[in-house]
Amino acid sequence: MTGVKAPLQQAVAQALEALGVDEPPPIEIQETPPNQPGDYGTPVAFRLARLLRKAPPQIATELAEKMHPPEGVVRVEVAGGYVNFFLDPAWLTPAALQPVAPAPKQGGKVLVEHTSVNPNKELHVGHLRNVALGDAIARILDFAGRQVEVLNYIDDTGRQSAESLFALEHYGLAYDGSKKYDHWVGDAYVRLHREMEDGEAKARLEPAIRAVLHRLEAGELRGEVEKLLAAQLETMWSLNAEYDVLVWESDIMREGLLKKALELLEQTPYTSRPTEGKYAGALVMDTSAFIEGMEDPYLVLLRSDGTATYTAKDIAFQFWKMGLLSGLRFRPFTRQPSGRELYTSHPEGTPMPFGGAQETINVIDVRQSYPQQVLKVALEAVGRHDLAEGAYHLAYETVLLEGRPLSGRKGHTVSVDEVLEEAVRRARAVIAEKNPGLENADAVARMVGIGAVRFAMVKTEPKKQIDFRWEQALSFEGDAAPYLQYAHARAASIMRKAEAEGLASDEPDFSRATPYEVELAKALLRFEESVQKSAELKTPHVLAQYLLDLAAAWNAYYNAKEDGKPATPVLTAEEGLRGLRLALVAQVKRTVATGLELLGIAAPEAM
RNA sequence: GCGCCCGUAGCUCAGUUGGAUAGAGCGUCGGCCUCCGGAGCCGAAGGCCACAGGUUCGAAUCCUGUCGGGCGCACCA
């Protein structure tokens, strides 16, 4: 609730009390639609109709009569059953100029895991959505006052890594630097899969792949994996995504976390080791107490050959995240572009206070919904309902490429590096056309191109499927990041000129505010709510949509005309009015820049 | 078969504790640079909010069913 709505809400609450309403319903304060009287209003009278056995308009009228209008309200008017408030522009506009600052820290730690791509080949557009979503939600939660830890899981003991490393060995390849390392390894991986399409070849190669897998589990090939990881990190960094800590699956295994997790589970009545039937010899968990309607509620944790399933490892990891297990050791891994240190779990590290969160957000696509649900079941099984509640799966739908599902094997895929390169190239071409004299054109092209790609990934609801189409994702017009960046650059340009002309310290005269200023101020006032809602719903799209709204309001303000003449000039306005307008422009600039930053997108001063 | 998600303008999408006349972008048509940046702005056309019931003063929003589409239901990761 922003500073403007809160006093209105309070005034309504007091009026309700005066009317003798003991248990008031929630009081919603909303902006009045265009062509309706007032600036803000409440439909609360409708909710009371039944309780008070009166018609809403009558209740609204009585409410208005009992109301002591708070500061800034010049008139209270009833329209239909709504109670509407008219605000004094001289009060409303300064209210919109509050600093755009992060909320004070509160609540426990929230741990965001995202990216977590297999260290075996380059990132493709499917990973793009994961990184963009995860990084944005981490930034938003941090701004909204949460203590956030960002984690990237390195599945270094997986089948896919083993296959990639085996392929290098199998084909006797030596890196020649001709392409980015992760792409080069990826090529070998694809080549191996082509060879293994032949079932006979597959069977023949299997023992050697298993041997690599064992070496990975023993941590022998860590250096190889790190080389690949380093190449992948370059891609994440170019997207403007950073992390606090990497956790390696092999470390989880080595430190015995899996064993400890299974011990915890084995103390509960939900696990068993059947001696006959299809699960003979395995360790299984019965999920029927927590998931209804399962045909077969048994879930294998340890196979009958004694090896752990992926799910079991994931449970151990989730237990560690939520502080049920400890034992991992850490040390610095590398310094990221912003200067933020990246840590990693490591056998030779020391204990550090990572993990142990009350709340986790796992950014993983929707196809993992069942395994993610199993994590909650495991937490419930060990009696930690509170932690199960705090484990959130940020499920996003898959990304299509030009209308068809991505397929690495069929070659229907595009790497993130390719997408970014193309986006930057196109942005550079637009700059060459529209602003040929721009100084740092290459740097700005990166901001615009990468921003466009990231924004395309977060502007829609995560649970909706995205169709990645070049023309759309790299569009520099309309509903896209460049629209926001342009709005910012335009505001920046005015501020530069004001500075140059010595107008920057002009005192605002709020009494000069017109309906144009009021409209813009209302748009600015929605920022805080949109960030909070984004954080609460754990989706950046709310903020992204708001920013489009704000930029549209600003562009409309900028272009407003009366009788064919500019209605809202800033620099050439009379003194006090100019000060007011400059203050609003500065606030627009700050707000757009902050919003973009929360989405991991840069805001150029000129473009 | 069972379970989860989706269905809003020609296309891509906003619209969430149920609120006033359902909004953008792209595309189409028509305007706006003697003015602080035209990557912009203003206007027009375009809607049975998949369909049928129900709850409610009020439903795109909640409930039931139907029809379409996606995904998940391994001792794979």
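Everything quoted here is computed from the prediction, not taken from an experiment. Lettering of chains follows the sequences in order, A, B, ..., and the numbering in each one begins at 1.
- With B:C5, B:G38, B:U21 as the choices, the nucleotide that has an atom nearest any side-chain atom of A:Q36 turns out to be B:U21.
- An OP1 or OP2 oxygen of B:C75 is reached within less than 4.0 angstrom by no side-chain nitrogen or oxygen of A:Y310.
- With both ends at atom P, the span from B:A9 to B:U55 equals 28 Å, rounded to whole Å.
- For A:R490 and B:A39, the shortest distance from a side-chain N or O to OP1 or OP2 is not below 4.0 Å.
- No donor-acceptor pair under 3.5 Å is formed between the side chain of A:S304 and the backbone N or O of A:G281.
- The same atom, C1', is picked in B:A52 and in B:G68; the two are 15 Å apart, to the nearest Å.
- OP1 or OP2 of B:A39 lies within a sub-4.0 Å distance of a side-chain N or O belonging to A:K434.
- Comparing B:A14, B:G37, B:U16 by their nearest atom to the side chain of A:K533 picks out B:U16.
- Between A:Y189 and A:H193, the ring planes are tilted. Angles from 30° to 60° get that label.
- At a cut-off of 3.5 angstrom, the base of B:C75 holds at least one donor-acceptor pair with the side chain of A:S304.
- One N or O donor and one acceptor, one from the side chain of A:N84 and one from the base of B:A20, sit under 3.5 Å apart.
- Comment: A:R426 engages A:E422 in a salt bridge, judged by a side-chain N to carboxylate O separation of less than 4.0 angstrom.
- Between A:Y153 and A:F317, the ring planes are parallel. Angles under 30° get that label, and only those over 60° would be called perpendicular.
- OP1 and OP2 of B:G70 both lie 4.0 Å or more from every side-chain N or O belonging to A:K464.
- The same atom, C1', is picked in B:U61 and in B:U17; the two are 11 Å apart, to the nearest Å.
- Nucleotide B:G38 holds its P atom 7 Å from the CG atom of A:N559, rounded to whole Å.
- Proximity of A:Y483 to the phosphate of B:C41: a side-chain N or O atom is located under 4.0 Å from OP1 or OP2.
- Classified by its glycosidic torsion, B:C33 falls in the syn category, the angle being within 90° of 0.
- Side-chain N/O atoms of A:S369 and A:Q372 include no donor and acceptor closer than 3.5 Å.
- Using atom C1' as the reference point in both B:G53 and B:A59, the two lie 14 Å apart (nearest Å).
- Looking only at distances, no side-chain donor or acceptor of A:K522 sits under 3.5 Å from a matching main-chain atom of A:E31.
- For A:K463, no side-chain nitrogen or oxygen approaches OP1 or OP2 of B:C5 to under 4.0 Å.
- A gap of 49 Å separates the P atoms of B:U56 and B:C75, to the nearest Å.
- Using a 4.0 Å heavy-atom cutoff across all strands shown, A:A49 reaches no nucleic acid atom at all.
- Side-chain N/O atoms of A:Y279 include one lying less than 4.0 angstrom from OP1 or OP2 on B:C75.
- Using a 4.0 Å cut-off, some side-chain N or O of A:H541 falls inside it from OP1 or OP2 of B:G15.
- Side-chain N or O atoms of A:T42 include one that pairs as donor or acceptor with a backbone N or O of A:V44 at under 3.5 Å.
- Listed nucleotides B:G19, B:U12, B:A77 differ in distance to A:Q30; the shortest reach to its side chain belongs to B:G19.
- Here, B:C26 and B:G65 have their P atoms 41 Å apart, quoted to the whole Å.
- Distance check on atom C1': B:U8 versus B:A50 gives 10 Å, rounded to whole Å.
- By the criterion of a centre-to-centre distance under 5.5 Å and near-parallel planes under 30°, the ring of A:Y486 forms no stack with the base of B:G40.
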*Represent RNA chain B in dot-bracket notation, 5' to 3'. Only Watson-Crick or G-U wobble pairs with both distances under 3.5 Å count; pseudoknot-style crossings use [ ] and interstrand partners use |.*
(((((((..((((.....[...)))).(((((.......))))).....(((((..]....))))))))))))....

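- B:A22 and B:C13 have their P atoms separated by 23 Å, with the value rounded to a whole Å.
- With hydrogens and angles left out, the side-chain atoms of A:Y516 and A:E562 include a donor and acceptor closer than 3.5 Å.
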